[in-house]
Amino acid sequence: MAAVSFVCGHGAAAGAPGVVTLRRACPVCMLVHETQRSRAELLRRVSPAQRSALGAETRIGAEYEWRCSRGHDRYRATIVDQLTGTACAKCRQSAAAPAARVEAGVPYMNPGLRVGTSITEHRLKTMLAERIRLNHRVNAIHIARTFHGRREVWPDIIVPQLRLTVEYDDPGRSRRAHRGLKAGTDADKDDALREVGWEVIRVRAGGLGPLGPNSIVCQSLSADVVDRVVQRMRELRGDAAVDAITATGSG
């Protein structure tokens with residue numbers, strides 16, 4: 001197997017004999033970015049004796065010994081499990097407790113949440129607000145299982161009155177966003193919300209295909225696309241429910 005050098009600086013030394021250079025980040029850095037984490041966060045969680053190895057790791061399936069952030073016993077897990085799930089057995093038990101199940105499906109404001117918003121996502125929200133009244137006091141929803149290591153998800157737009165969320169996806173400058181592994185992550189997020197009574201409407205732009213029955217495929221964001229989002233809301237929740245929150249309604 002050929003040695004590989006990645007643009008993030010991990011892997012084999014670039015330019016060395018027999019080394020294949022790829023113009024993309026290594027799998028670990030890609031997953032870290034997708035899960036909105038950092039490699040520094042991983043290094044704080046791993047057993048101190050393994051920090052050096054993890055600092056250079058490129059394989060998401062590599063297994064390490066981790067320290068639970070809540071002070072539970074140390075445990076072994078792969079990097080992908082650490083980033084996308086709750087690997088600590090005691091934390092998994094807590095997530096399944098009755099009190100946690102009561103919270104599932106409840107939207108709320110997480111004041112510490114830092115999620116980047118693109119110009120197009122902001123434009124979608126502005127255009128949608130011209131048609132329905134949006135709630136700006138919630139930015140997260142509790143779920144019944146873990147997603148990226150947390151029991152919450154952070155949709156682009158939350159419409160709590162209808163138990164609907166709206167997401168905007170496009171491939172970005174790299175042309176790789178929301179494809180492959182990220183598309184699987186998006187579908188997993190949709191499933192987690194569906195399990196607690198929410199539906200997700202996805203605007204899939206820039207050549208992305210549909211991800212599910214609520215996908216609105218388009219080349220770019222337009223007024224017609226936003227009208228199609230509202231129409232899908234009506235199909236999912238009924239005219240009366242949507243009319244009650246229209247921007248010009250009295251409900």
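Just so we're clear, the structure is a prediction, and the values are computed from it rather than from any experiment. The basis for the numbers below is simple: all heavy atoms, side chains too, and nothing from hydrogens, waters or symmetry mates.
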Roughly how far, to the nearest 0.5 Å, is the [atom2] atom of [Y] from the [atom1] atom of [X]?
{"X": "D191", "Y": "D186", "atom1": "CG", "atom2": "CG", "result": "11.0 Å"}
{"X": "I245", "Y": "N135", "atom1": "CD1", "atom2": "CG", "result": "10.0 Å"}
{"X": "I143", "Y": "R145", "atom1": "CD1", "atom2": "CZ", "result": "6.0 Å"}
{"X": "I79", "Y": "L42", "atom1": "CD1", "atom2": "CG", "result": "6.5 Å"}
{"X": "W198", "Y": "T165", "atom1": "CH2", "atom2": "OG1", "result": "7.5 Å"}
{"X": "S5", "Y": "L22", "atom1": "OG", "atom2": "CG", "result": "8.0 Å"}

Is there a side-chain contact between [X] and [Y] in this structure, where contact means two heavy atoms from C-beta onward sitting under 4.5 Å apart?
{"X": "P171", "Y": "L208", "value": "yes"}
{"X": "R151", "Y": "E103", "value": "yes"}
{"X": "T185", "Y": "F147", "value": "yes"}
{"X": "L221", "Y": "V226", "value": "yes"}
{"X": "N139", "Y": "M109", "value": "yes"}
{"X": "E57", "Y": "H10", "value": "no"}
{"X": "L211", "Y": "D190", "value": "yes"}
{"X": "R237", "Y": "L164", "value": "yes"}

Other residues, nucleotides, ligands: >12 heavy atoms within 6.0 Å of R59 CZ: no
Does [X] use its side chain to pair, donor to acceptor, with the backbone of [Y] at less than 3.5 Å?
{"X": "S215", "Y": "V217", "answer": "no"}
{"X": "R67", "Y": "R44", "answer": "yes"}
{"X": "R204", "Y": "G209", "answer": "yes"}
{"X": "R51", "Y": "R45", "answer": "no"}
{"X": "R131", "Y": "V229", "answer": "no"}
{"X": "W66", "Y": "A77", "answer": "yes"}

Salt-bridge present (R163, E199; N to O < 4.0 Å): no
Sidechain N-carboxylate O distance under 4.0 Å for D169, K182: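 Result for this pair is no, no salt bridge flagged.
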Looking at every non-hydrogen atom in both residues, tell me the closest pair between [X] and [Y] and how far apart they are.
{"X": "P107", "Y": "P160", "answer": "CG-CB, 4.0 Å"}
{"X": "C29", "Y": "R39", "answer": "SG-NH2, 3.3 Å"}
{"X": "P155", "Y": "L193", "answer": "CG-CD1, 4.4 Å"}
{"X": "N110", "Y": "A140", "answer": "CB-CB, 4.3 Å"}
{"X": "R24", "Y": "P27", "answer": "NH1-CD, 4.2 Å"}
{"X": "T21", "Y": "G15", "answer": "OG1-N, 4.4 Å"}

With distance as the sole criterion, is a donor-acceptor pair present between the side chains of [X] and [Y] under 3.5 Å?
{"X": "S47", "Y": "R74", "result": "yes"}
{"X": "Y64", "Y": "Q82", "result": "no"}
{"X": "T78", "Y": "D81", "result": "yes"}
{"X": "N214", "Y": "R232", "result": "yes"}

Evaluation steps, side chain to side chain contact (heavy atoms under 4.5 Å, CB included), between K125 and D156: CA-CA 8 Å; K125 194 168 188 176; D156 294 339; over 6 Å; no
By side-chain contact (heavy atoms from CB on, under 4.5 Å) - contacts of D170 (at least two apart): Y168, A205
Criterion side chain to side chain contact (heavy atoms under 4.5 Å, CB included) on M233 and L128, from CA distance to verdict: CA-CA 12 Å; M233 290 180 174; L128 190 58; 4.1 Å; yes
Stepwise side chain to side chain contact (heavy atoms under 4.5 Å, CB included) test for Y75 and E65: CA-CA 6 Å; Y75 58 91; E65 182 181 73; over 6 Å; no
With clusters defined by side-chain heavy atoms of hydrophobic residues (ILVMFWY) lying less than 4.5 Å apart, directly or transitively, does [Y] cluster with [X]?
{"X": "M30", "Y": "V32", "value": "no"}
{"X": "L43", "Y": "V80", "value": "yes"}
{"X": "V225", "Y": "L236", "value": "yes"}
{"X": "M127", "Y": "V242", "value": "yes"}
{"X": "L124", "Y": "L162", "value": "yes"}

Verdict with supporting geometry, I141 and I158, side chain to side chain contact (heavy atoms under 4.5 Å, CB included): CA-CA 9 Å; I141 301 172; I158 301 174; 3.9 Å; yes
Partners meeting side chain to side chain donor-acceptor pair (under 3.5 Å) with E167 (sequence neighbours left out): K189
